[in-house]
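Read the numbers this way: they start at 1 and go in the same order the structure lists the ligands and their atoms.
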Amino acid sequence: MGSFVWDVLTLFPEMITAYLSAGILGRARNQGTISVGVHDIREHTRDKHRMADDYPYGGDAGMVLKPEPIFRAVECVREKNPESHIVLMSPGGRPFDQAAALRLARGARAVTLICGRYEGVDERVVQHLIDEEISIGDYVISGGELAALVVVDAVSRCLPGVVGDAQSVTSDSFYRGILKHPQYTRPEVYRGMRVPAVLLSGHHEEIRRYQRHKALEKTRRNRPDLIERAELSEDDRDYLARILP
Ligand code: SAH
């Protein structure tokens, strides 16, 4: 199986390369599980001043990214990866979550992410160039780079071989519809705070049940919306009924 091919279009390439050079994603790139092409939108301008943005028609505040360099940059990516799924990072896009990450990981082999800046991009990009818009949440950040990195990171973690231990992905928060259980490492006692005894007991079944209960407890406290939708066993329901909300 070849690499999953990412292409990122941005005015700030160094922001993208910095994050994607270290840790799990840096290793995945070195191993060839993923490949990342970072493209400077400004390289695709053709005027003397290399202008990537301009004033908005209609007299709104701020600047808008011009269509020409973005169209050209996408066409350049398509020459190499004709199948690439083209995504615009936008607070007006479809909300991104773990299910969306899995869908992309399973449904595509190449994805191009366009990072907006300023007030965003010319609407002709939205209407005629891209396949979808993705938002990382209901807030506005200054550029699409951070959002694109969130998507590259979350989707790449779902690809086989990126995270060393596949179980660490499937036990992550959201994967099973609820949050991950609390975790402890050494020392066993820190400033009088003890690691729960059951975790030291060696009883795998009891440990698993304890962790499930703690995960449910935390999910109900922080994310009651997830509990409503989660698949719960009889034991799960008994436990939640037994402890106070
Ligand atoms: N004026 C726009 C926001 C522009 S923010 C609006 O009100 O909708 C500048 C750029 O940052 C956007 O073009 C987009 O690429 C990125 N961005 C900001 N918030 C984002 C979010 N929640 N999700 C994804 N991208 C976001």
Side-chain angles (χ1 to χ4, degrees), residues 4-20 25 34 36-45 49-78 81 84-105 107-108 110-158 172-174 222-223 225-226:
F4 190 102
V5 181
W6 293 102
D7 284 285
V8 183
L9 276 44
T10 170
L11 286 172
F12 298 94
E14 65 284 2
M15 292 186 181
I16 303 295
T17 31
Y19 184 79
L20 297 180
L25 297 171
I34 64 169
V36 185
V38 185
H39 312 271
D40 187 345
I41 292 172
R42 207 174 295 285
E43 295 292 319
H44 296 271
T45 57
H49 300 289
R50 313 216 315 153
M51 286 236 309
D53 59 304
D54 207 336
Y55 295 99
Y57 280 115
D60 290 332
M63 300 299 272
V64 171
L65 290 190
K66 291 163 69 60
E68 308 95 308
I70 298 181
F71 270 77
R72 285 194 208 110
V74 167
E75 282 153 10
C76 189
V77 166
R78 281 212 178 111
N81 309 311
S84 193
H85 181 67
I86 314 290
V87 176
L88 174 68
M89 306 317 303
S90 159
R94 281 199 275 181
F96 186 68
D97 59 11
Q98 191 67 34
L102 267 172
R103 260 200 307 280
L104 270 180
V111 174
T112 297
L113 302 175
I114 304 172
C115 305
R117 275 275 153 177
Y118 318 117
E119 291 304 312
V121 308
D122 187 285
E123 182 66 13
R124 286 165 289 192
V125 168
V126 181
Q127 295 295 328
H128 302 288
L129 186 62
I130 62 165
D131 296 312
E132 68 169 323
E133 288 177 274
I134 292 181
S135 164
I136 59 158
D138 291 348
Y139 41 79
V140 175
I141 53 179
S142 311
E145 289 73 17
L146 210 44
L149 288 170
V150 166
V151 171
V152 172
D153 193 328
V155 173
S156 298
R157 289 176 62 83
C158 297
D172 274 344
S173 293
F174 308 114
N222 290 351
R223 294 295 303 276
D225 57 310
L226 294 180

(message) If I compare all heavy atoms of Glu119 with all of Ala61, which pair ends up nearest, and what's the gap?
(response) CG-O, 3.4 Å

(request) Taking all heavy atoms of Ser90 and all of Glu133, pick out the closest pair and write down the distance. (result) OG-OE2, 3.2 Å

(message) Quick check: do Thr112 and Val87 have side-chain heavy atoms less than 4.5 Å from each other?
(response) no

(message) So if I only count non-hydrogen atoms and take anything under 4.0 Å from ligand 1, which residues does that give, chain by chain?
(response) Met89, Ser90, Pro91, Gly116, Arg117, Tyr118, Glu119, Gly120, Ile134, Ser135, Ile136, Gly137, Tyr139, Val140, Ile141, Ser142, Gly143, Gly144, Ala147

(request) Please examine the side chains of Val64 and Val121, heavy atoms only from C-beta on, and report whether any two atoms are closer than 4.5 Å. (result) no

(message) To the closest 0.5 Å, what do you measure between CH2 (Trp6) and CD1 (Ile16)?
(response) 11.5 Å

(request) Going by the side chain to side chain contact (heavy atoms under 4.5 Å, CB included) test, name the single residue among Glu145, Met15, His39 that passes it with Thr10. (result) Glu145

